[in-house]
Amino acid sequence: MSSPAEKLYEQALALPEDERLRLGEILLDSVPREMAEEIELAWSQEVLRRLEEIRSGKVEPLDWDEVRASLRAKFSRK
């Protein structure tokens, strides 16, 4: 991700959840419809793949608060 995109990402994370959701919707709507359908299909397939990994015991889900803290620590500017 480029530096400007990283900065926007960090700013977006600071928004309240409802505003982040709306921003995500706006960004997805800005993608050409054909591409959006491909993205939606790819995400559906990815969700099903990950669900199967969890059900089979291949992976264990992580707590979102821990993941978020780890990502913030990893990507925060020091």
Side-chain angles (χ1 to χ4, degrees):
M1 201 167 14
S2 68
S3 183
E6 287 176 7
K7 185 171 182 167
L8 285 172
Y9 173 73
E10 290 173 11
Q11 291 172 341
L13 286 179
L15 294 171
E17 186 175 326
D18 62 326
E19 290 184 34
R20 289 194 318 270
L21 179 60
R22 182 66 187 127
L23 178 59
E25 291 170 346
I26 292 168
L27 288 172
L28 186 57
D29 286 345
S30 72
V31 175
R33 187 69 207 147
E34 306 81 45
M35 185 178 273
E37 289 171 0
E38 290 176 29
I39 292 169
E40 189 172 334
L41 176 60
W43 270 115
S44 294
Q45 292 170 340
E46 181 66 12
V47 166
L48 292 174
R49 183 188 69 76
R50 291 180 185 195
L51 183 58
E52 180 55 34
E53 286 183 340
I54 292 169
R55 287 182 176 159
S56 71
K58 184 176 180 180
V59 298
E60 277 195 44
L62 301 172
D63 179 74
W64 171 240
D65 290 332
E66 292 175 24
V67 172
R68 182 176 41 204
S70 173
L71 289 171
R72 284 188 173 152
K74 180 178 180 179
F75 292 107
S76 68
R77 299 196 193 275
K78 296 179 178 172

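At least one donor-acceptor pair under 3.5 Å links the side chain of S44 to the backbone N or O of E40.
Clustering of Ile, Leu, Val, Met, Phe, Trp and Tyr by side-chain heavy atoms under 4.5 Å joins L15 with L23, L27.
Rounding to the nearest 0.5 Å gives a distance of 9.0 Å between CZ of R68 and CG of D63. How far CD1 of I39 is from CZ of R33: 9.5 Å, rounded to the nearest 0.5 Å. Here the CD1 atom belonging to I26 is positioned 10.0 Å from the CD atom belonging to E19, to the nearest 0.5 angstrom.
F75 and L62 fall within a single hydrophobic cluster, where Ile, Leu, Val, Met, Phe, Trp and Tyr are joined by side-chain heavy atoms under 4.5 Å apart, directly or via other members. Taken together through direct or relayed side-chain contacts under 4.5 Å among Ile, Leu, Val, Met, Phe, Trp and Tyr, M35 and W43 form part of one hydrophobic cluster.
By the 4.0 Å N-to-carboxylate-O rule, R55 lies too far from E52 to be salt-bridged with it.
Looking only at side-chain heavy atoms (C-beta outward), I54 and E60 stay at 4.5 Å or farther from each other.
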Take E10 and K7 through the salt bridge (charged side-chain N to carboxylate O under 4.0 Å, His left out) test and state the conclusion after the steps.
-> CA-CA 5 Å; E10 290 173 11; K7 185 171 182 167; over 6 Å; no

Tell me, with the steps shown, if E46 and R49 meet salt bridge (charged side-chain N to carboxylate O under 4.0 Å, His left out).
-> CA-CA 5 Å; E46 181 66 12; R49 183 188 69 76; 2.5 Å; yes

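The neighbour count for E17 CD, taken as heavy atoms of other residues, nucleotides or ligands under 6.0 Å away, does not exceed 12.
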